[in-house]
There are 2 protein chains.
Amino acid sequence: MGSARSDRISPLAVKRLSLYLRCLEELAQQDQTTVSSRQLAKALGLTDAQVRKDLAYFGQFGRPGVGYAVQDTVTRLRVIFGTQKDWEVAVVGVGSIGRALLGFKGFGQRGFRLAAAFDKDPAKIGRKIGGVLVQSAGELAATVRKKRIRLTVLAVPAQAAQEVAEALCRAGVKGILNFAPVRLNVPDDVAVVPVDLGSLLQQLSYFVTAAQAGNQTHPGVRRDLT
Amino acid sequence: MGSARSDRISPLAVKRLSLYLRCLEELAQQDQTTVSSRQLAKALGLTDAQVRKDLAYFGQFGRPGVGYAVQDTVTRLRVIFGTQKDWEVAVVGVGSIGRALLGFKGFGQRGFRLAAAFDKDPAKIGRKIGGVLVQSAGELAATVRKKRIRLTVLAVPAQAAQEVAEALCRAGVKGILNFAPVRLNVPDDVAVVPVDLGSLLQQLSYFVTAAQAGNQTHPGVRRDLT
DNA sequence: GAGTGTGAATTCTTTCACAGCG
DNA sequence: CGCTGTGAAAGAATTCACACTC
């Protein structure tokens, strides 16, 4: 109960916080022990005030006149993100994207361990991809429960996504990284982060189109949706 | 000169606009001819006022009492995004992610054509993946120019990203979908949309952690960063 | 009645600017 | 001094609410 008072949470801030963590981890690796809000801000394309506000939200982080202790802050941020210890992650749907993620090393470095994979195509079941055994969709609920998997990557075709998401929720999953281009309807206690690659490319093409065509008509296009 | 006056542009609105387009394309396929802001809003988890404002920004789209003509609006949105005709896209870096994107059919449906792929690993050069020939990094500039490629997917390791991005910009690329977990420094007329998968998973784990641990301390966690 | 477009009101975020600590 | 933490100010984005159209 004794923890910091909680005024308001800034949704976008979470995104930035994860950038701070990434940056601080790099600095730690270079044995830098201390960093100022200014430095962080410059590295990430933000303002120093923004960085301070974000960090201060979770309590006192820095020391005036000195800055932020790199290693310390990394530790505290990891606690905030819950990544002091690894999360087990399941990949559901082993198409081109699912397969790529199973072979992707970036997750391991950030505290995520690919612990299971599922597909309903018999040709894929039983194979090992990136060291992970592909199981049948039918085994999903049991495996998720047994391994206490809370986070999943959903990479099934759009038509199947809602149905599979519901199965995941029933099995106790609490977070879904959704690559299917549909909005998922899930219970309130389940978080969904959408990653619609088509939509992202489209945003790019918008900025490119707006920049060239409407050079004058859209003077204020911003190009960073970090 | 004769086009609509341009008050202000809403950066986040672009993201939503691309959702409207996706949704409208689906409706068109189901032969629905007309749709109200309310319906769109419900399907995408937004408010109706939001939908109207966004669409109205580009001029009169809807008819009072009726709604928006689905097919018409799709056409107009495509013009706004510049996707009436296909864009040629290059994939740079054919690791696990690059390979996946080459095999990903979602792009084609949204007006993007994978037209080239590059890597510096000799073992990959000369192969065809997803119907696309992998070329050497050295051929990048020439090919990008010859095929007039404006959009690229950057999927090289983090350390190489900045350098490759600069080469892309020099070759005339105007938009980069960046999968490398680093902030790219590019000229003002080049758009970058970052896709940091590790960071996205981390955001998920934040929400899951906050929801369970801080049930009371963080009452207002939002779970949709659509 | 149903539904858009839009100024005005509200709410959310970011930036400013400065008191105070190391 | 340099740099944090933080109220207060400024700036954006969202929602309200209503005139007006079909």
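Each chain gets a letter, A, B and so on, in the order the sequences are listed, and its residues count up from 1.
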Task: Euclidean distance, B:Gln39 CD relative to B:Thr34 OG1, rounded to 0.5 Å - done: 8.5 Å
Show the distances under 3.5 angstrom between N or O atoms of the protein and N or O atoms of nucleotides 7-11 of chain D.
residue : atom : partner : partner atom : Å
D:dG7   : O6   : A:Lys53 : NZ           : 3.2
D:dA8   : N6   : A:Lys53 : NZ           : 3.3

Task: Name of the residue among B:Ile80, B:Thr75, B:Val74 meeting side-chain contact (heavy atoms from CB on, under 4.5 Å) with B:Arg78 - done: B:Val74
Task: Phosphate OP1/OP2 of D:dT14: any B:Thr47 side-chain N/O under 4.0 Å - done: no
Open item on the list: Measure CZ/A:Phe61 against C1'/C:dG22 and give the value in whole Å, please.
Closed with: 19 Å
Open item on the list: Apply side-chain contact (heavy atoms from CB on, under 4.5 Å) to residues B:Ile97 and B:Leu197 and explain how you reach the verdict.
Closed with: CA-CA 10 Å; B:Ile97 291 177; B:Leu197 297 172; 3.8 Å; yes
Task: Parallel, tilted or perpendicular: ring planes of B:Phe112 versus B:Trp87, cut at 30 and 60 degrees - done: tilted
- [ ] Figure out the CD/P separation between B:Gln60 and C:dT4, and round it to whole Å.
- [x] 12 Å
TODO: List in chain and number order the residues that pass ring pair (Phe, Tyr, Trp, His ring centres under 6.0 Å) with A:Phe107, two or more places apart in sequence or in another chain; answer none if no residue qualifies.
DONE: A:Phe104
- [ ] Please determine if a side-chain N or O atom of B:Ser37 lies less than 4.0 Å away from the OP1 or OP2 oxygen of C:dT4.
- [x] yes
TODO: Please list, by residue number, the residues of residues 62-78 of chain B whose heavy atoms come closer than 4.0 Å to an atom of DNA chain C; answer none if no residue qualifies.
DONE: B:Gly62, B:Arg63, B:Pro64, B:Gly65, B:Val66, B:Gly67, B:Tyr68
- [ ] Among the candidates D:dT15, C:dT15, D:dG5, find the nucleotide nearest to the side-chain atoms of B:Ala49.
- [x] D:dT15
TODO: Mind calculating the distance between CZ (A:Arg38) and P (D:dG5) to the nearest angstrom?
DONE: 15 Å
Open item on the list: Nearest whole Å is fine: how far is C:dC12 P from B:Leu12 CG?
Closed with: 15 Å
- [ ] Would you check, one step at a time, whether the test side-chain contact (heavy atoms from CB on, under 4.5 Å) holds for B:Arg110 with A:Asp196?
- [x] CA-CA 11 Å; B:Arg110 307 292 283 279; A:Asp196 182 339; 3.5 Å; yes
Task: Atom-pair distance (CG on B:Asp54; C1' on C:dT6), nearest Å - done: 13 Å
- [ ] Check the distance between C:dT4's C1' and B:Gln50's CD and give it to me in whole angstrom.
- [x] 15 Å
TODO: For B:Glu163, look at atom CD and say whether over 12 heavy atoms of other residues, nucleotides or ligands are found less than 6.0 Å away.
DONE: no
Open item on the list: Heavy atoms from C-beta onward define the side chain here; which of C:dC18, D:dC18, D:dT15 lies closest to that of A:Arg52?
Closed with: C:dC18
Task: Residues A:Glu88, A:Lys147: salt bridge by 4.0 Å N-O rule - done: no
TODO: Kindly point out which of D:dG5, D:dT14, C:dG5 is positioned nearest to the side chain of B:Ala56?
DONE: C:dG5
Task: Separation of D:dT4 C1' from A:Tyr57 OH (nearest whole Å) - done: 19 Å
- [ ] Kindly indicate whether a cation-pi arrangement holds for B:Arg76 with B:Phe61, taking the cut-offs as under 6.0 Å to the six-membered ring centre and within 45° of the axis.
- [x] yes
Task: Atom-pair distance (CG on A:Leu17; P on C:dT13), nearest Å - done: 14 Å
